[in-house]
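Nothing fancy with the numbering, it's 1 onward along the sequence.
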Amino acid sequence: MARVYNFNAGPAALPQVVLEQVRDELLDWHGSGMSVMEMSHRGKEFMAIAAQAEQDLRELLAIPENYKVLFLQGGATTQFAMVPLNLMGEGRRADYIHTGAWSKKAISEAKKFGAVNIAASGEESGFAAIPPQSAWRLDSEAAYVHYTPNETIGGVEFHWIPETGGVPLVGDFSSTLLSRPVDVSRFGLIYAGAQKNVGPAGVTLVIVREDLVGHALPGTPTILDYAPQVENDSMYNTPATFSWYVAGLVFAHLKAQGGLAAMAEINQRKAKLLYRTIDESGFYRNPVAIADRSWMNVPFILPDAALDATFLSEAKAAGLLGLKGHRSVGGMRASIYNAVSYEAVETLVAFMKDFQQRHG
Ligand SMILES: *Cc1c(COP(=O)(O)O)cnc(C)c1O
């Protein structure tokens with residue numbers, strides 16, 4: 001069996017030790033005689049798995065006591081609707097920051113529920129830079145400010161937390177949560193689909209300040225209201241038990257590796273190596289402003305798109321997979337989440353240099 005170097009954007013690489021543990025526990029979890037997939041979500045075994053996962057996540061992110069942690073379903077896309085449904089309130093006004101493809105989707109969904117003010121947009125730069133906070137036009141009456149800390153497709157990332165003057169800040173952390181420490185107390189709500197940097201698809205993390213729960217708009221479907229999920233510990237209905245369990249194993253693994261400060265250090269080194277290779281090549285190009293380049297998703301283009309197919313097939317032959325850019329932008333993209341090792345990036349960089357030698 002050969003494991004490849006996996007640069008998929010999502011679903012994405014998982015730590016091999018986690019997969020091995022899943023394999024070892026698959027048929028008989030801790031003497032229960034069954035797989036986690038086959039257990040009642042209300043039985044004591046799964047309740048213990050769920051509680052441990054939450055505790056480890058709280059430790060990793062130093063989540064303050066006055067925040068609830070939810071393990072929901074429906075992906076980040078469901079949060080595009082749940083956030084306005086639960087947070088817009090009577091005033092029905094919210095600020096959104098438009099930095100690329102994912103914030104665009106969040107914006108178009110929010111518009112169904114109220115007035116959306118685009119307080120800042122990266123459109124002028126072709127979404128190759130984050131609009132500086134000095135250019136933002138925030139609405140002091142807004143119920144919240146929504147932004148996308150890491151645009152998974154464009155590869156632009158905030159390396160700072162916006163200042164909102166007391167208005168709750170909401171972040172779609174789908175592709176960057178757990179890549180480094182984050183000061184949760186600066187946020188009203190953080191959400192993330194798991195399948196980028198957290199665990200398998202199927203579970204969505206929501207970290208919400210408790211005073212923001214319980215104000216859903218009239219007519220909000222129960223399943224889209226945070227309050228019953230908080231009251232029922234994310235078990236208002238049957239949760240995605242297996243994904244929740246695997247995410248919990250990832251949390252324990254991250255703790256054992258030294259937590260998020262250790263992840264930040266290695267993730268920054270991985271990104272630096274790849275961007276340096278691109279910038280010094282005179283062959284590959286990354287269009288993003290240097291200060292706003294993502295540590296997680298690194299898009300790059302070749303001098304001639306006619307080389308793309310050759311690049312991808314030679315990369316595949318070298319055991320490097322998942323490098324095709326998003327269909328909306330073309331080119332290449334290397335997603336280098338926590339589970340992608342420094343060695344994987346070194347191998348990619350060596351391949352890129354070799355490819356350039358032969359085709360440059
Ligand atoms: C992948 C992604 C989404 C969509 O996630 P789903 O879980 O597929 O709904 C939303 N926002 C960002 C930033 C993403 O990377």
Chemist: Should the pair R186-E163 be classified as a salt bridge under the 4.0 Å nitrogen-to-oxygen rule?
Modeler: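 Yes, this pair counts.
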Chemist: Take atom CZ of R23 as the centre, draw a 6.0 Å sphere, and report whether it contains more than 12 heavy atoms from other residues, nucleotides or ligands.
Modeler: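 Yes, enclosed.
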Chemist: Output yes when a side-chain donor or acceptor of E45 lies under 3.5 Å from a complementary backbone atom of S32, and no otherwise.
Modeler: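 Side chain of E45 to backbone of S32: no pair is present.
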Chemist: Would you call P239 and S234 a side-chain contact if the rule is heavy atoms closer than 4.5 Å?
Modeler: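 No, every pair of side-chain atoms sits at 4.5 Å or beyond.
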Chemist: Judged by atom type as modelled, is there a donor-acceptor pair below 3.5 Å linking the side chain of T176 to the main-chain atoms of F173?
Modeler: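 Absent.
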Chemist: Check whether the side chains of N197 and S179 place a donor and an acceptor atom closer than 3.5 Å, and report yes or no.
Modeler: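 Distance-only check fails for N197 and S179.
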Chemist: Where do K272 and D279 land on the salt bridge (Lys or Arg N to Asp or Glu O under 4.0 Å) test, with the steps shown first?
Modeler: CA-CA 10 Å; K272 272 192 173 154; D279 290 343; over 6 Å; no
Chemist: Does NZ or CZ of R269 fall inside the cone over Y342's six-membered ring, less than 6.0 Å from its centre and within 45° of the axis?
Modeler: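 Cation-pi check for R269 and Y342: passes.
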Chemist: Is it true that a side-chain atom of S40 and a backbone atom of R42 form a donor plus acceptor pair closer than 3.5 Å?
Modeler: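 Judged by distance alone, yes, a pair lies under 3.5 Å.
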Chemist: Using a 4.5 Å cut-off on heavy atoms from C-beta on, say whether the side chain of P131 contacts that of W136.
Modeler: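 Touching, per the 4.5 Å side-chain cut-off.
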Chemist: Indicate, with yes or no, if the rings of W295 and H159 have centres closer together than 6.0 Å.
Modeler: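 Yes, the ring of W295 comes within the 6.0 Å limit of the ring of H159, centre to centre.
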Chemist: Are Y226 and F187 joined in one hydrophobic group, where the rule is that I, L, V, M, F, W and Y side chains link up if heavy atoms are under 4.5 Å apart?
Modeler: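 Different hydrophobic clusters.
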Chemist: Closest approach of P11 and A201, non-hydrogen atoms and distance?
Modeler: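 Looking at all heavy atoms of both residues, the closest pair is CG-CB, 4.4 Å.
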Chemist: Less than 4.5 Å apart, side chain to side chain, heavy atoms only: is that true for Q195 and P200?
Modeler: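 SC-SC contact between Q195 and P200 ruled out.
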Chemist: D304 side chain to L307 main-chain N or O, any donor-acceptor pair under 3.5 Å?
Modeler: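 No.
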Chemist: Check for me whether the distance between the ring centres of Y144 and Y96 falls short of 6.0 Å.
Modeler: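 Aromatic pair counts; centres sit under 6.0 Å.
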Chemist: Within the side chain of D225, is there an N or O that forms a donor-acceptor pair under 3.5 Å with the backbone of T220?
Modeler: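 Not at all, since once roles are kept as given, no pair shorter than 3.5 Å links the two residues.
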Chemist: How close do A53 and G248 get, heavy atom to heavy atom, and via which atoms?
Modeler: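 Shortest heavy-atom contact: CB-CA, 3.7 Å.
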Chemist: With side chains defined as the heavy atoms from C-beta onward, is the minimum distance between V203 and L72 less than 4.5 Å?
Modeler: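 Of all side-chain heavy-atom pairs linking L72 with V203, none is under 4.5 Å.
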Chemist: Counting only heavy atoms not in Y236, do more than 12 fall under 6.0 Å of its OH?
Modeler: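 It does not: Y236 OH has 12 such atoms or fewer within range.
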Chemist: Going through the distances and angles, do I301 and Y284 end up as a side chain to side chain contact (heavy atoms under 4.5 Å, CB included)?
Modeler: CA-CA 6 Å; I301 50 177; Y284 304 104; over 6 Å; no
Chemist: Evaluate salt bridge (Lys or Arg N to Asp or Glu O under 4.0 Å) for E314 paired with R358, printing each intermediate quantity in order.
Modeler: CA-CA 11 Å; E314 289 190 10; R358 287 180 294 105; 2.8 Å; yes
Chemist: Let me know which of L14, V17, D56 forms a side chain to side chain contact (heavy atoms under 4.5 Å, CB included) with H253.
Modeler: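 So the option named by the test is V17.
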Chemist: What are the two closest heavy atoms between I223 and M82, and how far apart are they?
Modeler: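 Looks like O-CE, 4.0 Å.
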Chemist: Begin with the C-alpha distance, continue with both residues' side-chain angles, and end with the deciding distance and a verdict on side chain to side chain contact (heavy atoms under 4.5 Å, CB included) for L273 and E346.
Modeler: CA-CA 8 Å; L273 173 61; E346 283 181 318; 3.8 Å; yes
Chemist: Take a 6.0 Å sphere around CZ of R327 and say whether it holds more than 12 heavy atoms from other residues, nucleotides or ligands.
Modeler: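 It does not: R327 CZ has 12 such atoms or fewer within range.
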Chemist: Any idea which heavy atoms bring H41 and F46 closest together, and the distance?
Modeler: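 Looking at all heavy atoms of both residues, the closest pair is O-CD2, 3.6 Å.
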Chemist: Using a 6.0 Å cut-off, check whether atom NZ of K255 has over 12 heavy atoms from anything other than its own residue.
Modeler: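 Yes, because the 6.0 Å sphere around NZ of K255 holds more than 12 heavy atoms from other groups.
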Chemist: Got more than 12 heavy atoms from elsewhere within 6.0 Å of CD, Q357?
Modeler: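 No.
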Chemist: Starting from the C-alpha separation in whole Å, work towards a yes-or-no answer on side chain to side chain contact (heavy atoms under 4.5 Å, CB included) for M39 and T241.
Modeler: CA-CA 8 Å; M39 287 175 183; T241 50; over 6 Å; no
Chemist: Please say yes or no: joined through hydrophobic side-chain contacts below 4.5 Å, possibly via intermediate residues, are V4 and M332 part of one cluster?
Modeler: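 In one cluster with V4: M332, no.
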Chemist: For the pair N117 and D95, evaluate side chain to side chain donor-acceptor pair (under 3.5 Å) and give the outcome as yes or no after the intermediate values.
Modeler: CA-CA 5 Å; N117 170 46; D95 280 338; 2.6 Å; yes
Chemist: Donor-acceptor pair, E151 side chain versus G100 backbone, under 3.5 Å?
Modeler: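 The answer is yes, because a donor-acceptor pair under 3.5 Å joins these two groups.
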Chemist: For the CD1 atom of I97 and the CD1 atom of I130, what is their distance to the nearest 0.5 Å?
Modeler: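 These two atoms lie 10.0 Å from each other.
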Chemist: Does a side-chain heavy-atom distance below 4.5 Å link F71 with E54?
Modeler: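 A side-chain contact exists here, since the closest heavy-atom pair is under 4.5 Å.
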Chemist: With rounding to the nearest 0.5 angstrom, report the CG to NZ distance, N338 to K270.
Modeler: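 Spacing of CG (N338) from NZ (K270) equals 6.0 Å.
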Chemist: Do V208 and Y191 sit in the same hydrophobic cluster, where Ile, Leu, Val, Met, Phe, Trp and Tyr count as joined when their side-chain heavy atoms come under 4.5 Å apart?
Modeler: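 In one cluster: yes.
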Chemist: May I ask you to test the I49-V36 pair for a side-chain heavy-atom distance under 4.5 Å?
Modeler: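 SC-SC contact between I49 and V36 confirmed.
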Chemist: Taking the basic N atoms (NZ, or NE/NH1/NH2) and the acidic carboxylate oxygens, is any pair closer than 4.0 Å for E157 and R180?
Modeler: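 Between R180 and E157 there is a salt bridge, with a charged N closer than 4.0 Å to a carboxylate O.
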Chemist: Determine whether a donor-acceptor pair (N or O, by modelled atom type, separation under 3.5 Å) exists between the side chain of Q73 and the backbone of T238.
Modeler: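 Flag set: sc Q73 to bb T238 pair under 3.5 Å.
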Chemist: Can the ring centroids of F127 and H98 be said to lie less than 6.0 angstrom from one another?
Modeler: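 Between F127 and H98, the centre distance is under 6.0 Å.
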Chemist: Charged N to carboxylate O under 4.0 angstrom, D172 versus K105?
Modeler: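 No, D172 and K105 are not salt-bridged.
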Chemist: Any donor-acceptor pair under 3.5 Å linking the side chain of Y337 with the backbone of A9?
Modeler: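 Such a contact is found between Y337 side chain and A9 backbone.
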Chemist: Are L321 and V298 linked, directly or through other ILVMFWY residues, by side chains that come within less than 4.5 angstrom of each other?
Modeler: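 Unlinked, L321 and V298 end up in two clusters.
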Chemist: Is any side-chain heavy atom of T78 closer than 4.5 Å to a side-chain heavy atom of T204?
Modeler: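 Counting from C-beta outward, T78 and T204 never come under 4.5 Å.
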Chemist: Give a yes or no on whether the backbone of G193 and the side-chain of S174 come within a donor-acceptor separation of less than 3.5 Å.
Modeler: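 Between the backbone of G193 and the side chain of S174 there is a qualifying donor-acceptor contact (under 3.5 Å).
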Chemist: Using side-chain heavy atoms (C-beta onward) and a distance below 4.5 Å, is S294 in contact with V288?
Modeler: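 Not touching, per the 4.5 Å side-chain cut-off.
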Chemist: Testing the basics here: between S281 and Q356, what is the closest heavy-atom pair and its distance to 0.1 Å?
Modeler: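 Residues S281 and Q356, closest heavy atoms: O-NE2, 2.8 Å.
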Chemist: For the residue pair N297 and Y275, what are the closest heavy atoms and their distance?
Modeler: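 Minimum heavy-atom separation between N297 and Y275: O-OH, 3.8 Å.
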Chemist: Does Q257 form a side chain to side chain contact (heavy atoms under 4.5 Å, CB included) with M263? I'd like the steps, not just the answer.
Modeler: CA-CA 8 Å; Q257 285 192 301; M263 295 324 298; 3.6 Å; yes
Chemist: Determine whether the aromatic ring centres of F311 and F351 lie less than 6.0 Å apart.
Modeler: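 That pair passes the under 6.0 Å test.
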Chemist: Check for me, please, whether V206 and V246 land in the same ILVMFWY cluster - side-chain distances under 4.5 Å, paths through other members count.
Modeler: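 Cluster IDs for V206 and V246 differ.
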